[in-house]
Amino acid sequence: METHFSKEQLKNKDNKSSEKIFRKCVHCGFCNATCPTYNLLGDELDGPRGRIYLIKDMLENNKPASEKIVKHIDRCLSCYSCMTTCPSGVNYMHVIDHGRSHIEKTFRRPLIDRLARNFLSKVMPNPLYFRVIGILTLFVKPISFIFPKRFREMINLMPLKFPKKNLPKMRVYSSGKKKKPVARVALLAGCVQEVISPQINEATIRLLNRHDIEVVLPKGIQCCGSLNHHLGKNDLANQTFKKNILIWYDEYLKNGLDAIISNTSGCGTTLKDYGFIFRSDENLKKKAKKISELTQDISEYLDENIKLNFIKKKENDKEYKIAYHSACSMQHGQKIHDIPINLIKKTGNQVFDIPDGHLCCGSAGTYNLLQNDIAKKLLKNKISNIEKIKPQFITTGNIGCITQIANGTKIPILHTVEIIDWYTGGPKPEVLRNL
Ligand code: SF4
Ligand code: SF4
């Protein structure tokens, strides 16, 4: 694609990076074929190629974002399915991030929109605020009809239960055995996941400890920053990124870290991008790059580093039929697809890919809260594809997808790490108690 940035414009690091990406695009449109919003809406501007044109035009001509551009960019899920399909290696993720940040700086959204986005940006990344709002929401649910549609949808999507934590809150979890641990890793405990599904971190810690790996949760780390990053709120996101980088790097230097584990693929994708985000920051680039290099999804880490001890227990003698939902951030963002499936196969159960598995379930961070109508259609399609398999339960590696899919079906859904924990000596996951 031809570009027309001036020399002055290319002094800006983001323009420079985006220009290189635009030049790779050969307008072939292959990406449209696998774009969920293009498939649903049929509009060129709701596909990756159209969005690339919109962003390029806005940046090249130094234009503020218009209502039309915002509409089409907001509808993008950041699912990165287009990146998997693109034969030219266009990094759409960096282009859409740049576009979103430009929108945030140059476009004044309608009041309700601003209120909703500011609310999400403050509440979601903070587990304490999220818990308090969640409890308040329980009282408001019966009268949710009095709220504007945007807020009504958010209220209805809030979980009804906040499970109790079973593991005591500690900074370091060790195996309890006297011998030296075989490795030491940091776990990103996350923000929303920590509140609505604490059992995922607990299964991860138990599993790693059982295999003689020490797990550390450095003080001060909560959100990975991706929620604000995807809302285009780069100042807020960068504050979180910088804090995380400094804390983890300090831990790495002082006590040693063999890996930083993410069990939420959406967060893992962002952590692996810290190096790019701070590529021009002289103080942080080396540290950010190291943090990205240390980051691994839990499935990757288990596959590469641990000889898992699968054990037969009375309650898991049965053979289950499991549907594997490949989260977009896992398959398209991190290019991890077969690893979790092969790990589950080692438990002796049958695992099936979901038809049209490359298409998003509609969760996409805060997307299901902000673009509820499209998210609902995508969820409906996902559930109908899952039902074709007739599984006894569903598994995936991303809390957003777990919450979204659970809203559309009664088939139990759980994180892949909970299955591996169970089959290597952990308790049977609560969500499967009736199976
Ligand atoms: S990220 Fe997903 S929704 Fe956005 S353009 Fe690419 S395929 Fe379409
Ligand atoms: S598939 Fe890649 S090269 Fe082709 S239009 Fe889409 S982004 Fe451009």
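Counting convention: from 1, in listed order, for ligands and their atoms alike.
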Exercise. Below 4.0 angstrom, N of the basic side chain to O of the carboxylate: do D373 and R75 qualify?
Worked result: no
Going by atom types alone, do [X] and [Y] pair a side-chain donor with an acceptor below 3.5 Å?
| X | Y | result |
| --- | --- | --- |
| Q239 | N228 | no |
| T396 | N398 | no |
| N118 | K233 | yes |
| N244 | Q222 | no |

For this session: With heavy atoms under 4.0 Å as the rule, classify the contact between R75 and ligand 1 as side chain, backbone, both or neither.
Result: neither
Exercise. Touching ligand 2 at all, G89? Heavy atoms, strictly under 4.0 Å?
Worked result: no
Exercise. After noting the C-alpha distance and the side-chain angles of D97 and H94, does the key distance pass the side-chain hydrogen bond (donor to acceptor under 3.5 Å, both in side chains) rule?
Worked result: CA-CA 5 Å; D97 286 347; H94 292 156; 5.6 Å; no
Problem set entry | For atom 2 (Fe) of ligand 1: protein N/O/S atoms at distances below 2.8 Å | 1
Side-chain donor-acceptor distances from residues 351-366 under 3.5 Å, at least two apart:
{"from": "D353", "atom 1": "OD1", "to": "H337", "atom 2": "NE2", "distance (Å)": "3.1"}
{"from": "S363", "atom 1": "OG", "to": "G400", "atom 2": "O", "distance (Å)": "3.1"}

For this session: Could you tell me the residue and atom name of the protein heavy atom closest to atom 2 (Fe) of ligand 2, and the distance to it rounded to 0.1 Å?
Result: C86 SG, 2.3 Å
Exercise. Closest non-hydrogen protein atom to atom 4 (Fe) of ligand 2, residue and atom name please, with distance?
Worked result: C28 SG, 2.3 Å
As an exercise, identify every atom of ligand 2 less than 4.0 angstrom from a heavy atom of [X].
| X | value |
| --- | --- |
| G29 | 4 (Fe), 5 (S) |
| P87 | 1 (S) |
| S88 | 3 (S) |
| V26 | 3 (S), 8 (Fe) |

For this session: Might you point out which heavy atoms bring D258 and L294 nearest each other, and give the distance in Å?
Result: O-CD2, 3.8 Å
Exercise. Taking heavy atoms and a distance under 4.0 Å, where does M1 meet ligand 2: side chain, backbone, both or neither?
Worked result: neither
Problem set entry | Centroid-centroid under 6.0 Å between F241 and H229 rings | yes
Problem set entry | Interfacing atoms of ligand 1 (cut-off 4.0 Å, heavy-atom, R51) | 3 (S), 4 (Fe), 5 (S), 8 (Fe)
Exercise. So among L246, I277, N238, which one has a side chain to side chain contact (heavy atoms under 4.5 Å, CB included) with L284?
Worked result: L246
